[in-house]
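The analysis underlying the following values was restricted to heavy atoms, covering all of them including side chains, and did not include hydrogens, waters or symmetry mates. We name chains A, B, ... by the order of the sequence lines, and we start the count at 1 in each one.
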Protein chains: 2
Amino acid sequence: MRPPTIRDVAERAGVSKSLVSLVLRGSDQVRPEKRDAVLRAARELGYRPNAAARSLSEQRTRTVGVLLNDLRNPWFVDLLDGLNSLLHAGGLHMLLADARLNRRTGQDPADPLLDLRVDGLVVVGTLPDPAALGAVAERIPVVLAGAREPVPPGVDQVAGDDEQGARLVTEHLIGLGHRRIAHLAGYGAVGDLRRRSFEATMRTHGLADRAVVETGDMTEEGGYRATVRLLSRPDRPTAVFAVNDITCVGALSAAEELGLRVPHDVSVVGYDNTSVSRLRHLWLTTVDNAGHEVGRRAARFLLDRFERPGGEGRLHLAAPTLEIRGTTGPPPDTAAG
Amino acid sequence: MRPPTIRDVAERAGVSKSLVSLVLRGSDQVRPEKRDAVLRAARELGYRPNAAARSLSEQRTRTVGVLLNDLRNPWFVDLLDGLNSLLHAGGLHMLLADARLNRRTGQDPADPLLDLRVDGLVVVGTLPDPAALGAVAERIPVVLAGAREPVPPGVDQVAGDDEQGARLVTEHLIGLGHRRIAHLAGYGAVGDLRRRSFEATMRTHGLADRAVVETGDMTEEGGYRATVRLLSRPDRPTAVFAVNDITCVGALSAAEELGLRVPHDVSVVGYDNTSVSRLRHLWLTTVDNAGHEVGRRAARFLLDRFERPGGEGRLHLAAPTLEIRGTTGPPPDTAAG
DNA sequence: GCCCCTCTTTGGACCGTTCCAGAACCTGTC
DNA sequence: GACAGGTTCTGGAACGGTCCAAAGAGGGGC
């Protein structure tokens with residue numbers, strides 16, 4: 001009652017196991033009648049190739065590991081989708097591991113993936129342990145997707161272009177007539193890029209002295225508190241650009257509680273185009289990070305490296321787009337200038 | 001430069017490969033000095049066991065497949081967390097596959113998992129193809145988690161107790177003084193259970209004739225439209241119980257647009273305790289499905305079946321809890337009675 | 001010194017594939 | 001009808017582990 005093997009198929013088709021192997025791998029050096037006999041026998045027996053045996057023999061698993069930072073992060077789903085579409089076309093499987101789920105065990109979250117001998121690794125989001133990753137990158141291709149961090153040599157990197165995204169937002173607000181604009185900044189490489197680009201864009205438009213930056217913790221609560229502070233100032237800003245959607249939701253709450261209407265009295269903008277931003281109840285103007293393209297590009301980098309291993313680590317930045325929804329509009333007349 | 005094998009370790013430690021195997025599997029039939037030598041050699045060489053080779057030999061992979069319906073569904077993360085905690089303790093790995101991602105390829109979404117010869121399968125959410133699942137269940141343990149559906153024989157089932165959850169909500173509203181209560185129903189087994197339990201509870205409290213049911217499509221837009229209809233009725237309900245959080249958000253939008261304050265003029269309740277419900281901006285009263293316990297119980301069922309295969313399919317219902325937040329309160333005085 | 005018994009250690013078969021060298025079978029040519 | 005050259009097929013050796021029967025080592029009793 002054990003699952004049929006290649007030998008069972010061979011016996012049933014009256015050929016050698018080697019021929020069965022040839023047929024199943026699509027060789028054209030096989031006479032059609034034998035090919036048909038083999039395929040029929042395989043179908044009749046319900047044969048499925050044993051991936052473990054194949055991996056052992058081929059010395060590769062046709063599987064790439066995807067190390068996620070936290071399944072709760074919503075923005076990575078599009079990324080996975082893009083990643084999967086290309087990998088699947090290349091005959092590769094995705095093996096997902098959540099670093100957060102395994103964190104409590106203390107071991108390196110990539111270990112299980114490496115034990116399974118994945119052919120490549122995609123790290124989505126912030127790196128777990130850069131040093132460990134460097135060692136991994138010496139053996140198999142590694143791509144960092146959706147984050148901007150210093151990476152070990154030979155590691156490719158794909159992410160949304162945060163500087164461009166922040167510029168799109170800032171210019172959108174300036175274009176609407178806003179002058180005094182606040183930024184709810186975050187932390188980490190991504191937070192820094194968005195903040196710097198905001199500042200640079202304000203400077204370019206001669207508004208350096210009208211820019212305000214409040215640093216938060218990238219949570220709703222942080223966004224709420226920072227916004228309360230901002231909007232209680234005598235020279236309160238007419239627009240708030242939050243480092244991410246969740247912070248922006250906090251900003252929205254704050255504005256509402258202070259009796260300000262959005263976007264009539266104050267405009268707010270988020271970042272990431274998460275499902276939350278699309279709730280009609282919130283309907284945040286935000287930036288779409290082109291997650292799908294980030295995923296596709298990560299897959300492309302990986303497939304490249306399977307064909308030609310080695311070489312410098314590359315960086316690709318996907319162009320984000322502005323999603324203008326209901327939380328941005330012209331500034332109130334009284335605050336103009 | 002190939003990764004070291006058990007034989008390399010053996011040579012370095014001056015023992016046979018069999019002894020290395022014994023040591024690495026934790027046998028106590030080994031003299032301590034040899035054990036130390038082996039462990040040292042393994043460490044020095046950076047030896048990692050080859051999962052493919054082990055699987056091939058052991059005839060099992062120590063891996064369970066987790067078939068997700070859609071990674072975008074947020075409620076499954078707790079479930080995975082619970083699942084993982086127990087599986088990990090049992091030395092098992094989780095292999096995630098997203099049915100939606102693979103749907104376009106037309107093949108059964110479980111196929112890649114079966115090719116990899118997973119030892120068990122957890123299907124999270126709605127079944128892809130019940131017939132195919134039956135065939136799978138004859139070979140390996142299968143558990144359906146987080147959904148209520150007719151399953152093939154021998155398949156275990158774990159889910160939140162939707163009847164109890166709906167009862168909690170309905171009695172909460174009745175307890176607050178509401179009498180005319182509407183339910184925004186969904187579809188599928190879960191939608192039916194919640195609706196029926198709502199109706200039954202209303203009946204128990206002698207309010208059968210005050211219950212209103214509107215059927216929606218479990219989307220925000222559907223919740224919005226159904227609520228506009230409901231609240232425009234002359235005898236408009238003072239409370240709305242939505243089949244899930246996202247529908248509830250739609251209901252909230254509708255109430256707001258009609259100029260009704262929540263919970264002052266109308267109470268609304270969701271279901272699933274998603275992250276959206278916890279946004280302070282929305283702060284929905286909702287039902288927590290005990291996802292973590294569902295996951296743990298699914299793992300327990302699986303581990304049971306590894307030890308004692310066969311037997312009837314079992315059903316476990318995890319007790320949900322009511323999360324009372326900001327969208328429920330007593331009905332307005334005018335509408336009382 | 002020999003036998004028996006227990007505790008350690010070992011060689012080799014096996015798991016289900018792939019891959020390679022070479023066998024077997026054609027077909028056509030001289 | 002032998003031979004060359006191509007096409008088609010096959011046996012056996014990997015791949016890196018596990019597991020088992022049996023060998024070796026050491027100790028105790030007679």
Side-chain angles (χ1 to χ4, degrees), chain A residues 1-39 41-42 45-63 91 93 112 114-119 139, chain B residues 1-39 41-42 45-63 91 93 112 114-119 139:
Chain A
M1 267 311 287
R2 282 218 323 289
T5 75
I6 206 177
R7 280 167 233 265
D8 300 323
V9 175
E11 193 177 341
R12 178 161 193 128
V15 299
S16 72
K17 65 171 185 25
S18 301
L19 187 65
V20 175
S21 176
L22 275 177
V23 170
L24 294 178
R25 280 174 297 131
S27 163
D28 53 356
Q29 300 282 79
V30 175
R31 276 215 314 272
E33 58 234 74
K34 296 253 181 185
R35 172 194 314 282
D36 293 345
V38 167
L39 292 178
L45 289 174
Y47 169 79
R48 331 186 64 111
N50 182 316
R54 170 179 300 177
S55 301
L56 186 57
S57 181
E58 277 192 323
Q59 300 283 76
R60 66 201 194 106
T61 53
R62 298 164 183 271
T63 295
H93 291 297
L114 298 178
D115 283 350
L116 290 166
R117 293 287 203 277
V118 293
D119 293 337
R139 293 217 159 280
Chain B
M1 268 311 287
R2 281 216 323 289
T5 74
I6 205 177
R7 281 163 232 266
D8 299 324
V9 176
E11 194 176 342
R12 178 159 192 133
V15 299
S16 73
K17 64 170 185 31
S18 301
L19 188 64
V20 175
S21 177
L22 275 178
V23 170
L24 295 179
R25 279 174 298 131
S27 163
D28 55 355
Q29 299 283 78
V30 176
R31 276 217 312 275
E33 57 234 76
K34 295 254 181 182
R35 172 195 315 282
D36 293 347
V38 167
L39 292 177
L45 290 173
Y47 169 79
R48 335 185 59 111
N50 182 317
R54 170 180 299 172
S55 302
L56 186 56
S57 180
E58 277 192 323
Q59 301 283 75
R60 67 200 194 106
T61 53
R62 299 162 182 271
T63 295
H93 291 297
L114 298 178
D115 283 350
L116 290 166
R117 295 285 202 276
V118 292
D119 293 336
R139 293 218 158 281

Output every pair passing salt bridge (Lys or Arg N to Asp or Glu O under 4.0 Å) with a member in residues 18-34 of chain A, not counting sequence neighbours, ordered by first then second residue.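 Salt bridge (Lys or Arg N to Asp or Glu O under 4.0 Å) check on residues 18-34 of chain A returns A:Arg31-A:Glu33.
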
Using a cut-off of strictly less than 4.0 Å between a heavy atom of the residue and any atom of DNA chain C, enumerate the qualifying residues of residues 19-26 of chain B by number. B:Leu19, B:Leu22

Is the shortest side-chain N/O distance from A:Arg60 to OP1 or OP2 of C:dT18 below 4.0 Å?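 A:Arg60 to C:dT18 OP1/OP2: no side-chain N or O under 4.0 Å.
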
OP1 or OP2 of C:dT10 versus the side-chain N and O atoms of B:Ser16: is any pair under 4.0 Å?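 Yes, because at least one side-chain N or O of B:Ser16 sits under 4.0 Å from OP1 or OP2 of C:dT10.
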
How long is the straight-line distance from [atom2] of [Y] back to [atom1] of [X], given to the nearest 0.5 Å?
{"X": "B:Asn50", "Y": "A:Leu56", "atom1": "CG", "atom2": "CG", "result": "6.0 Å"}
{"X": "A:Arg48", "Y": "A:Thr5", "atom1": "CZ", "atom2": "OG1", "result": "15.0 Å"}
{"X": "A:Leu45", "Y": "A:Ile6", "atom1": "CG", "atom2": "CD1", "result": "12.5 Å"}
{"X": "A:His93", "Y": "B:Leu116", "atom1": "NE2", "atom2": "CG", "result": "5.5 Å"}

Salt bridge (charged side-chain N to carboxylate O under 4.0 Å, His left out) partners of A:Asp36, counting only residues at least two apart: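 Scan of A:Asp36 (salt bridge (charged side-chain N to carboxylate O under 4.0 Å, His left out), adjacent residues dropped) gives none.
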
With sequence neighbours excluded, what pairs up with B:Arg7 under the salt bridge (charged side-chain N to carboxylate O under 4.0 Å, His left out) test?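 Expected list: none.
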
Rounded to the nearest Å, what distance is computed from the [atom1] atom of residue [X] to the [atom2] atom of nucleotide [N]?
{"X": "A:Arg7", "N": "C:dT17", "atom1": "CZ", "atom2": "P", "value": "8 Å"}
{"X": "A:Leu56", "N": "C:dC19", "atom1": "CG", "atom2": "P", "value": "12 Å"}
{"X": "A:Lys17", "N": "C:dT17", "atom1": "NZ", "atom2": "C1'", "value": "9 Å"}
{"X": "B:Gln59", "N": "C:dT17", "atom1": "CD", "atom2": "P", "value": "10 Å"}

Residues which pass side-chain hydrogen bond (donor to acceptor under 3.5 Å, both in side chains) with [X], listed by chain and number, not counting sequence neighbours:
{"X": "B:Asp8", "result": "none"}
{"X": "B:Ser55", "result": "none"}
{"X": "B:Arg60", "result": "none"}
{"X": "B:Gln59", "result": "none"}

5' to 3' contact window, DNA chain D with chain A (heavy-atom distance under 4.0 Å): D:dT8 to D:dG16

Please tabulate, for side-chain N and O atoms in residues 9-20 of chain A, each donor-acceptor pair with protein atoms closer than 3.5 Å (sequence neighbours left out).
residue	atom	partner	partner atom	Å
A:Arg12	NE	A:Glu44	OE1	2.8
A:Arg12	NH2	A:Glu44	OE1	3.0
A:Ser16	OG	A:Ser18	N	3.4
A:Ser16	OG	A:Leu19	N	3.3

Look at all strands and tell whether B:Thr5 reaches a base, only sugar-phosphate, or nothing, counting heavy atoms closer than 4.0 Å. sugar-phosphate

Tell me the bend of the helix from C:dG1-D:dC30 to C:dC30-D:dG1 as the angle between end helix axes, each from five pairs, rounded to the nearest 10 degrees.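 That helix gives 70° between its end axes.
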
Nearest heavy-atom contact between B:Pro3 and A:Arg117 is CB-NH2, 4.0 Å

At a heavy-atom distance below 4.0 Å, what parts of residues 28-38 of chain B sit against DNA chain D?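 Under 4.0 Å from DNA chain D: no residue of residues 28-38 of chain B.
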
